[in-house]
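Reviewing the structure listed below.
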Amino acid sequence: MIHSQVNPDAAEALRGLCIGLTRQALLAFTAIVAMPLAAEAADGPGTTSTTGKTIALSNSYNGNSFRQVMVKDWQNVTAQEIAAKTIKGATVVSANSSVTEQASQIQNMILQGYNGIAVLAASSSALNGVVKSACAQGITVVSFAGIVTASCAWQVNYDWSSYGKQEIEYIAKRLNGHGNILEIRGIAGDSTDKDISDGVHAAMTAYPGLKIVGTVYGQWTSTVAQKEVSGILPSLPQVDAVVTQGGDGYGAAIAFQNSNRKVPIIIMGNRQDELAWWKQEHDKNGYETFAISATPSISQISFWVTQQILAGKTVPKKVIVPLLRVDQTNLDAYLRTIPPGGVANPPYPKDLVVKIIDANTNHSAMPPVPPPAP
Amino acid sequence: MQSHSIRQSPWLFGFIGAAVLFVATIIVSRGGGASATFHAAMAFSIFSVLVAISQMLVITSGPGNIDLSVPAVLTLCAYIGMGVMHGSNAWIPVGLLVVAAVGLLAGAFNYAAILLLRLPPIIATLASSFVFQSLAMNAGGDATIKPPSLLSAFTSLSVGPVSVLAVLVVLLTIGLAIGLKRSLFGRRLLATGQSEAAARFAGIRTRQVRLISYAGAGLFSGLAGFLLAGFTGGAALNMGDTYLMESIAVVVLGGTSVAGGQANAIGIWGSALFFNLLTIMLNSFRTPVGLRYLLTGAIIILIVTAATRPLTRT
C-alpha cells in the first residue's frame, strides 16, 4: 500500500519516499500505541444497540431434564431482555433428536428473518448446509454444547477433557497418587463421553500409582449407574475412588452402600440428590469430595454471546466456558439454592459472559462461576 | 433322555444359561463375590421380571400383540406415584393405589386405541407411549422427586443375601403361573391367543379378555415404575429406556411364544437372571463396550434360536 504511493519520478520519488517513511513510521507508531488500546477496547460489552434484533434457539432434543431446564433458562433470559428492550424478540424450537427436523426448523428461522440463531445441534456436520445458508444471509449463528463445524458459525462449549483432568487431579491429591479407580462413563459412542474419558486417561499418565480397575457405562443416569456399579462391584478389589460424568454419582453411592463396602471418593455432578447425599455423609462422618458439571444455563451463555456479536463485539470463533465446580466450602450455599430434585444451575448474567468472552480473546484465566451468596 | 426333556421345556435354557454365567463370573472374580453377585443379579431382575410379566400378558393374547408403551407407563407411574406421596411415608398406600389406577387406565387406553381406531398394537402402543412420556414430563418435568424413606428401605430390604422384594415377586410369579394354567381367565387368555376366532365361537368374550390383558400389563409396568423409583431414589425421565428391549427379550427367552397363546411365567425369572448376569459378567470381564453389545446380541439370537426350535418343528 505504502510502496504503491512512491512516484517513479526521482524528486517525487524522494518526496514520496519521505512521506512513505513518515507514514510508515506513523503507522508503526500508532500500531504500537493502538494495539493495547484496541485490545482494551475489545474488552467489555459490545456497544451497538440490538433493540431491534431477534434471536432464536434451535434445540435438537427436549426429552430429558437437562434440556428442559436449559430451555427454561433461555426463556427466562430472553423474556427478561425483551422487557428490558435489549432485544425485540426471541423464540425456541425443539426437534426430536432428528437432524432433518432441526434443519427444516432452522430453515424456517431464516425465512422468519431472525438476526441471530443459537443452535444446540443434533449433529456436528449434518446441519452445516443450513447453517452456511443462514450465514450467507447475514445471520449470526452460535452453536453451543452440541456444536456445528461450519466455519462461519461460532462454537460455545466446555473443555470436556479438563473435566476428566480435574477429577483425576483431585483424586490423586486425596489418595497421594495411589489407589484403585472405578470409571463410570456416559453413553458409548457419544463424543462428550469420549472427550471426558480421554481427559481422565491423559491425566492419569502423570500418576502411575492410580489404576482403573473397572469401567461401566452409567448413561449419565442414576438408575443405570446404580445397576451397572452393583453388577461389577463383586468382581472388583477395593475401590478407592470413582470418576463420573455427572448425574451418576448418587446411583454409584447407593450401589456402594447397598453392597456394604466402604464408600470411596465419588466425584459428584450438579444434581440435588448427589449434593444432598454428599452433605448428609459429610455431616455424618466427614465424607469429602467435590462436584463438577456442565450446567443447563449454558443456553444463557449462548444467548449473550449471540447478542454480543450482534452488538458488534469481536468474539473468537471458539468460546470455551468454565465448568461448574462445587467444593466442600460452598456446598451448603449451592444446596440452599437448588429445589429438591433440581440441579445446581447458576445463571450466567451478561457481565460474566462478557468476561468469559474476554478471557477467551486474551487467553487469560477463566472467571470462576461465582457461588451463590452464603 | 435329559436333552429330550430340555427340548420339551425350552424355558429351562434361561436358568441353565444363568447358572453358567454365574459360575463363570464367580471364577473370574476369584470366588470373592458369589453372594454379592447373586444379590445384585436378583435385585435388578425384580424389575426385569415385572416389565416382562406386562409384556407376557399382552404377547400371549394373540399374534401381533405387543406393548411398546411399557417404558413410558413405567416412567409415568413412577412420576405420579412419587408426586402423590411427596416423600411422606403415610401416603405410600395412596401412592400405590393411584399408581395401580394409572397403570390400569394406561393399559385400557392402549386397548381402546387398538379397538376403536383399528390400529395394529405395535402402532397404537408406540403412539400412546409418546402420550404417556409427555404426561410424565409434565407431571414431573425437570425435577427428581424422592421416594418416601420407608419405600426405599423396603425395596432394598434383605434378609442375609436374599432380597425380600425378590421373594415377593417370585411368589407373585408362581401365583401367576398357576393362575394362567388353572384359572378361568388364564384359560380364556390362552384360548384367545391361540385363535381368537375359535375362542369367540367357544363363547369367550375375546375383547374383554384382551382388554384385561392390556390393562394388566399397564398395572405391572406401573408397579415396576413405583418400585424402581423407590429402589433407585426417585423417578427420572429416562428410567424406562432400557426396559423396552429387555421386556421383550426376557419374555421370549423365558419360553413365551411370540405367536401368542402360550405363556410361561416361571421361565421369565430364568431369563431375567440370565440377562442381568450377562451384563454383570461382561462388565467383570472388562469387555470393550462394542464387543459387549455384539456379544449380548449374538447370545440372545443363539439362545432364542436354540430355545424355540422344538416349538417350530412340532
Side-chain angles (χ1 to χ4, degrees), chain A residues 62-73 96 182-183 185 187-189 193 212-217 219-237 247 250-251 253-255 257-261 271-274 276-277 296 338-343 345, chain B residues 25-26 28-30 32-41 43-44 47-48 78 82 86-87 130 133-134 136-137 140-146 152 156 158 163 228-229 231-242 276-290 292-293:
Chain A
N62 197 25
N64 62 34
S65 48
F66 185 96
R67 294 295 182 97
Q68 294 199 323
V69 178
M70 191 205 76
V71 167
K72 231 178 259 172
D73 282 342
N96 194 20
L182 170 65
E183 184 185 13
R185 295 186 60 163
I187 289 172
D193 164 67
I212 290 190
V213 291
T215 305
V216 293
Y217 285 81
Q219 298 178 11
W220 304 311
T221 307
S222 195
T223 50
V224 179
Q226 182 185 352
K227 178 176 179 175
E228 296 289 314
V229 173
S230 301
I232 197 175
L233 271 186
S235 70
L236 296 184
Y250 179 75
I254 300 296
Q257 283 181 328
N258 283 350
S259 74
N260 297 320
R261 282 186 178 227
R271 295 192 197 184
Q272 194 260 354
D273 54 5
E274 298 179 291
W277 180 87
I338 314 173
V343 293
N345 189 32
Chain B
T25 312
I26 298 308
V28 167
S29 57
R30 292 171 296 277
S35 141
T37 304
F38 180 72
H39 190 247
F44 288 99
F47 309 107
S48 314
M82 297 306 117
H86 222 93
F130 284 110
Q133 189 74 24
S134 323
M137 254 181 223
D142 44 47
T144 321
I145 312 165
K146 284 266 162 281
S152 297
S156 49
S158 53
S163 149
L228 186 62
F231 185 66
T232 57
L237 278 177
N238 48 359
M239 65 191 293
D241 286 2
T242 51
N276 283 290
L277 280 163
L278 184 65
T279 316
I280 292 174
M281 183 192 76
L282 293 176
N283 273 337
S284 308
F285 286 9
R286 307 201 57 193
T287 330
V289 68
R292 215 177 290 177
Y293 292 151

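Heavy-atom basis, side chains included; hydrogens, waters and symmetry copies ignored.
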If one checks every heavy atom of Asp241(B) against chain A at 4.5 Å, the contacting part turns out to be neither
When rounded to the nearest 0.5 Å, the distance separating NZ of Lys146(B) from CD of Gln272(A) is 6.5 Å
To the nearest 0.5 Å, atom OG1 of Thr25(B) lies from atom CD1 of Ile232(A) at 11.0 Å
CG (Asn283(B)) and OG (Ser235(A)) are apart, to the nearest 0.5 Å, by 8.0 Å
Bottom line for Ile212(A): the part with an atom under 4.5 Å from chain B's heavy atoms is both
Most heavy-atom pairs under 4.5 Å with chain A, out of Ser284(B), Gly87(B), Ser134(B), belong to Ser284(B)
One should read off an interatomic distance between Arg292(B) CZ and Thr215(A) OG1, to the nearest 0.5 angstrom, of 7.5 Å
When the 4.5 angstrom heavy-atom criterion is applied to Ser259(A) and chain B, the contacting part is neither
Per-residue tally against chain B (heavy atom, under 4.5 Å) across Ser222(A), Pro339(A), Gly231(A) peaks at Gly231(A)
Under 4.5 Å to a heavy atom of chain A? For Thr279(B) that would be side chain
Applying a strict 4.5 Å limit to non-hydrogen atoms, the region of Tyr293(B) in contact with chain A is side chain
Okay, Ser156(B) and chain A: the region with an atom under 4.5 Å from a heavy atom over there is side chain
Problem set entry | Whether over 12 other heavy atoms sit under 6.0 Å from Tyr217(A) OH | yes
message: Side chains of Lys227(A) and Asn276(B), heavy atoms from C-beta outward: is any pair under 4.5 Å?
response: yes
